[in-house]
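Structure record follows, encoded as structure tokens.
Proteins come first, then strands; the chains are lettered A, B, ... in the order of their sequence lines, and each starts at number 1.
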There are 2 protein chains.
Amino acid sequence: MRLFAHRGYEATTLQAVAEVVGISKQAILHHFRSKEELHAAVLAELVGHWQRTLPQLLLTAGATKVRFDAVFSELLAFFARDPDRARIVLRELLDRPEESRKLLKDVVGPWMEAIAAYIRVGQERGVHRAEVDVEAYLVQVLQIAMAGTATAEVTSVLLGEGTAGRERFAKELARIAQASLFTPRHANAEISARSTHKEGT
Amino acid sequence: MRLFAHRGYEATTLQAVAEVVGISKQAILHHFRSKEELHAAVLAELVGHWQRTLPQLLLTAGATKVRFDAVFSELLAFFARDPDRARIVLRELLDRPEESRKLLKDVVGPWMEAIAAYIRVGQERGVHRAEVDVEAYLVQVLQIAMAGTATAEVTSVLLGEGTAGRERFAKELARIAQASLFTPRHANAEISARSTHKEGT
DNA sequence: GATAAAACTTACCACGCGGTAAGGCGCGCC
DNA sequence: GGCGCGCCTTACCGCGTGGTAAGTTTTATC
């Protein structure tokens with residue numbers, strides 16, 4: 001996974017994988033009938049992990065805003081914990097559009113609809129802005145969490161190296177996601193509630 | 001460029017390029033000393049086009065909000081006009097982090113600082129939210145415009161095929177970018193000003 | 001402790017890749 | 001009108017790739 005994520009499928013040779021793992025190339029071909037199958041297994045493992053993690057992530061108890069915070073930061077942490085996840089998914093989207101479409105439709109689609117429904121309730125209650133195109137919003141947030149993490153190593157040249165840059169990235173992304181979702185009153189309440197932690201506006 | 005963008009550097013063979021172009025593989029190697037040099041030329045062409053386009057894009061006259069709209073939609077259009085631009089840049093970020101850092105620092109950095117300064121003026125005037133981390137904000141917006149365009153073919157499975165999906169994507173991105181940048185009053189003014197075009201809230 | 005299956009190695013192969021060498025061809029120029 | 005020089009082709013090459021075949025070691029099982 002590390003190699004596929006960093007160099008891409010084509011640029012990753014079985015030989016290189018073997019060396020990293022510490023066995024021979026043919027040992028790999030013993031466990032996986034082909035390079036393609038190995039790649040599929042890596043992807044399946046990733047999707048599996050996701051599907052095991054996501055439910056409990058979404059079911060974390062708490063009030064509306066707290067839950068938003070929890071889910072959102074957990075989503076970001078999921079990618080940040082291992083940026084290769086973001087990289088490999090992004091590569092997959094670029095390299096195999098057709099297969100990705102199916103995967104997106106089948107595994108992301110349902111979850112997105114669930115969260116979308118949740119947001120729509122908030123819209124009716126006036127907590128979330130009425131103008132939000134819920135699905136589009138979710139796609140964007142998901143996408144920037146992913147792409148942002150995948151390219152963090154590079155964009156750090158603009159935002160600062162190490163944790164400092166990542167912190168800025170994460171914080172601003174959270175701010176954007178909130179500011180564009182919650183109605184001004186709620187958003188302000190949220191922001192002032194947060195800033196008391198450090199700055200105390 | 002089309003091939004590099006779609007399949008990536010490694011997966012693109014000189015033979016394939018030759019067939020598309022309609023000449024022999026060696027004819028390519030006559031004009032470019034190596035595959036690597038061809039790739040560099042493609043990238044240089046892209047960067048050149050960008051640097052030729054960007055200035056006049058940013059100098060489009062108009063008031064604050066109108067200018068934001070113009071610049072923003074033009075940025076999106078730049079990628080949407082040819083999604084391969086977004087794809088190839090994204091691939092470059094993934095495939096060659098080191099080289100990308102330099103490029104980002106040298107060609108994107110200055111422009112970003114210029115726009116950032118502009119936004120900061122808006123912050124002092126109260127038009128733009130004070131909490132915005134300007135550089136981080138710009139990176140996010142740029143990133144999602146790029147990643148969104150690059151993966152539009154795939155995410156269309158969630159947002160709808162063809163122009164409909166792209167329209168939703170573009171509209172929501174614009175909304176997010178505005179809602180999270182402008183102070184609520186200004187944002188609302190902006191939104192209601194726009195909606196008169198079609199809906200008349 | 002025999003046996004069988006799983007895990008792995010050694011040896012090998014065809015193929016397609018990027019790249020080199022050398023020659024032909026046509027066009028402009030004095 | 002020949003001469004040089006880009007432009008492109010044909011022929012060829014070494015190399016590393018993913019993959020196969022067959023043999024060897026390790027492990028589990030009773």
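- Checked against side-chain hydrogen bond (donor to acceptor under 3.5 Å, both in side chains), A:S180 has no partners two or more places apart in sequence or in another chain.
- Between B:F78 and B:H49 the shortest side-chain heavy-atom distance falls below 4.5 Å.
- Close approach of DNA chain C to chain A, defined as any atom under 4.0 Å from a non-hydrogen atom of the protein, starts and stops at C:dA7 to C:dA11.
- With a 6.0 Å cutoff to the six-membered ring centre and a 45° limit on the axis angle, A:R91 does not count as a cation-pi contact of A:F4.
- Scanning all heavy atoms of the two residues, the minimum distance from A:F169 to A:T149 falls at CZ-N, 4.1 Å.
- A donor-acceptor pair is defined here as one N or O able to donate and one able to accept, closer than 3.5 Å; no such pair exists between the side chain of A:T151 and the backbone of A:V154.
- A distance of 6.0 Å or more separates the ring centres of A:Y118 and A:W111.
- Stacking of B:R96 on the aromatic ring of B:Y9 is recorded, both the 6.0 Å distance cut-off and the 45° axial limit being met.
- Taking both residues in full, the closest heavy atoms of A:I119 and A:H128 are given as O-ND1, 2.9 Å, listed atom of the first, atom of the second, then distance.
- Residues forming a side-chain hydrogen bond (donor to acceptor under 3.5 Å, both in side chains) with B:Q15 (at least two apart in sequence, or on another chain): B:E19.
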Query raised in the report: Can you give one letter per nucleotide of nucleotides 13-27 of chain D, 5' to 3': B if a protein heavy atom sits under 4.0 Å from the base, S if only from the sugar-phosphate, - if neither?
Result: ----SBBB-------
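- Over its length, the helix from C:dG1-D:dC30 to C:dC30-D:dG1 turns its helix axis by 10°, as judged from the five terminal pairs at each end, rounded to 10°.
- Every residue was checked against the side-chain hydrogen bond (donor to acceptor under 3.5 Å, both in side chains) condition with A:E124, not counting sequence neighbours, and none meets it.
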